[in-house]
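As structure tokens, the structure follows; a few thoughts come after it.
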Amino acid sequence: MFEFHPYFTNDGSVGLYSPEFKDIYHSTTGALTEAYEKFIMPVDIENLLAKDSIKVLDICYGIGYNSKSFLNLILENYFLKISQKNNKHAKQYIETICTNNNSEKNNNESVSNYSMCTETIDTHNIFDKIYIKSVDIDKNLFFLSPFVKTGVKNFKNNNFDFEYKNIDKYLEKEKIKNPKKIHKLINFVIFEKIIKKYPEILQNEDIIAILDSKRYNSYFDSNLKGIYEFYRSERCKCTLLKKISTSLHNIYYQHVSNCYKNDLKRYNLRDFSFDPQIGDARDIIKNDNNLYNLIFLDAFTPAKCPCLWSYEFFKLLFEHLEQDGMILTYSTSAAIRSAMKEAGFFIGNIYNERLNKYTGTIAVKDSAKIIHSLSEFDLGLLNTTAGIFYRDENLTSQNEAIIERRNQEVKNSDRLSTSKYKKNFNKIL
Ligand SMILES: C[S@@+](CC[C@H](N)C(=O)[O-])C[C@H]1O[C@@H](n2cnc3c(N)ncnc32)[C@H](O)[C@@H]1O
């Protein structure tokens, strides 16, 4: 049975907990902030936008923060350019797209705001060259992904329905000031594209129950929920009585849906290709012939989901990366970095400006793409027991078997232990 355990992270975006992996899906600092800082900011967007086509592989889509943040960035970038040209409509929009500075208006008002601009802006040469393949094993997360809110202010997290050490303490920490927000149009277009590929979302009992439940109301966008209801009643053969009771609701949400559609048309936002794929990322990528400019790798930690961090998996990713492409991940583990290196990548750090520290790893084929090299200490760490990587020869092993195999290898290894290495290194300093 599908379990859903949402809460608000410190930037007002929804985070989830997985009882299966006994892990949180997102950083408590902010699910959306994490997506921006680890997966989006390190990308050389100007260089990318100059290309004729841009292919992105989002491994472990979850509720979609990385794919959506990427699209949001393109939208921000686009509006920034337009506003520099003094377009008055774009100036009106830029605040609502880029930050949460504007206080939330009521739903009706925000719908009409999106429809204020009547001129058509030609953006087809941006969105129509973008292809995003998003992969996750959990179909329900895909289906819920367009509905989750971001940039919510004054949220309350009173009732955690899961056990995760110190989560409430992390969440007591300082909230993110002026957090980012995913534009409603992006959620809407993702919703449309998911429905197109997986129309069963409209009949999925788990999704209907979760979206209907009052308990989760605060986590979901009410407009999109209304549109979902509207689509459902359009497609199902309702009784006359039901039709009458839903007709007022439908008139309103047909109007909302039309407003969204008009705006999407205006900005050509629908032109990007979105390819949501449900299944084990290893199988999906094995059968994929694309070469990607960007690969986001956002699996649960290596100790919990090693099948997406093995040497063989990185070899597979190497075959799917453009010569000037880049893999981005939040992990800084030595076992991951050494697997990447062994698979043929050059590796570097992801620098987080807000925290003034390194918070992730990039893997590239072209060493010139590395801005923040690994330190002497980090490079040495790769040769200790910590740097022994996970193995999954046929890309079919279970996580438990992969972990067990590595544990044995660590136990039998004559490499320097990580603690001794650290001691020796400190002595030299
Ligand atoms: C840390 S979460 C990803 C969070 C996500 N990027 C987001 O924005 O919500 C890890 C995800 O990995 C998915 N997952 C676990 N094993 C997988 C596998 N073998 N193949 C594909 N996805 C997998 C889980 O369903 C979960 O959604």
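Order of listing sets the numbers, starting from 1, for every ligand and every atom in it.
- Using cut-offs of 30° and 60° for the angle between ring planes, the Y260 and F188 rings count as perpendicular.
- Ordered by chain and residue number, the residues placing a heavy atom less than 4.0 Å from ligand 1 are F21, Y25, H26, C60, Y61, G62, I63, G64, Y65, N66, D136, I137, D138, L141, G279, D280, A281, D298, F300, C305, C307, L308.
- In this structure, F155 and F8 have tilted ring planes: the angle between them lies in the 30° to 60° band.
- A salt bridge links D275 with K197: at least one charged nitrogen is closer than 4.0 Å to a carboxylate oxygen.
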**Request:** Could you walk me through whether L171 and N10 pass the side chain to side chain contact (heavy atoms under 4.5 Å, CB included) test, one step at a time?
**Result:** CA-CA 6 Å; L171 293 172; N10 280 343; 3.8 Å; yes

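- Looking at K51 and D324, a side-chain N of the basic residue comes within less than 4.0 Å of a carboxylate O on the acidic one, giving a salt bridge.
- With salt bridges taken as basic N to acidic carboxylate O contacts below 4.0 Å, one links R232 and E229.
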